Amino acid sequence: MVLKSSFSVLVVATLAVFSSYAPQAEAHSWADCIDWKFNKGGKQDWSDKGGKCTGYARRFPVALGKAFGSHDTIWPPRHYFQDGNNPNAAPPCNTAVGARLSESRASPVSAAYGGQFGRMTVTTVGDTLCARWPAKNHAQPSHANFTVHIYLSKVQNGKDDTQMELLKNNIANLNFRNCNVGPNEDRRPCGGCFKVPARAKGTYLLQWRWAGYASCADIQIK
Ligand SMILES: *[C@@H]1O[C@H](CO)[C@@H](O)[C@H](O)[C@H]1NC(C)=O
């Protein structure tokens, strides 16, 4: 009994240390794809060979032709970290000023898609969407196991919801470590699937959020 409870205390203390330390130190990732389609008849494979992306986050720079998992060095970086001290007051999406590649809301929202950018996700209620992200060395057992949260706005009001509002509209929780097996821990492709909940027809803000990092996409529900 005594042994068991001191063990739990140790586990809780270790987790606490990791959760306050890991995000600021080195953890980062981003939504590489919002609507990943596996090859027909293929198994769940998140690698480039296993399927293709048919819906992206805002201003995802497909024209740059960057290899999967290598978007950390472009400007602005894909890995937008919300203010760690006050995530609920920080904007839900990357608003890097003047940056044509930021994830701020475009007007119209469709201007952040197509051409040099990836296409917008077009889906229906009840459809399954699969998001993809790079492990960035954080799918190993030695790292804190943070969950990927998916939020979907409920209203279309011409501006993005605040983070507080998005937190009320959590539609899925995904296992960050659901990754392909591979030798390159940094570039291991990972992903998870979820169902599109009931919404009236229209375009909504979808946020992918993990360990304080956030990616934003607009999804059109037909
Ligand atoms: C990590 O967390 C996910 C839930 O997000 C869970 O499904 C998974 O089993 C956990 N993995 C480990 C190794 O604890």
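One-based numbering, in listed order, for ligands and for the atoms of each. Because the structure is a prediction, the values reported are computed rather than measured.
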Original post:
Would you call the rings of Trp46 and Trp36 parallel, tilted or perpendicular, where under 30° means parallel and over 60° means perpendicular?
Top reply: tilted
Subject >> Euclidean distance, Asp32 CG relative to Trp30 CH2, rounded to 0.5 Å >> reply: 8.0 Å
**OP:** Considering heavy atoms of the protein only, find what lies nearest to atom 5 (O) of ligand 1 and give residue, atom and distance to 0.1 Å.
**Re:** Thr147 OG1, 3.2 Å
**OP:** Considering only non-hydrogen protein atoms, determine which one is nearest to atom 9 (O) of ligand 1 and report residue, atom name and distance to 0.1 Å.
**Re:** Asn175 ND2, 4.5 Å
Subject >> Path from Val109 to Leu205 over hydrophobic side-chain contacts below 4.5 Å >> reply: no
Original post:
Should the pair Arg58-Asp218 be classified as a salt bridge under the 4.0 Å nitrogen-to-oxygen rule?
Top reply: yes
**OP:** Classify the contact between Asn173 and ligand 1 as side chain, backbone, both or neither, using a heavy-atom distance cut-off of under 4.0 Å.
**Re:** neither
Original post:
Does ligand 1 have an atom that lies less than 4.0 angstrom from a heavy atom of Asn178?
Top reply: no
Subject >> Ligand-residue contact atoms, ligand 1 with Leu174, heavy atoms, under 4.0 Å >> reply: 5 (O)
**OP:** Considering only non-hydrogen protein atoms, determine which one is nearest to atom 11 (N) of ligand 1 and report residue, atom name and distance to 0.1 Å.
**Re:** Asn145 ND2, 2.8 Å
**OP:** Rounded to the nearest 0.5 Å, what's the gap from CZ on Arg78 to OG on Ser70? Could you check?
**Re:** 12.0 Å
**OP:** Measure the CG-CZ distance between Asp127 and Phe194 for me, rounded to the nearest 0.5 Å.
**Re:** 10.0 Å
**OP:** Give the atoms of ligand 1, by number and element, whose distance to some non-hydrogen atom of Arg177 is under 4.0 Å.
**Re:** 12 (C), 13 (C)
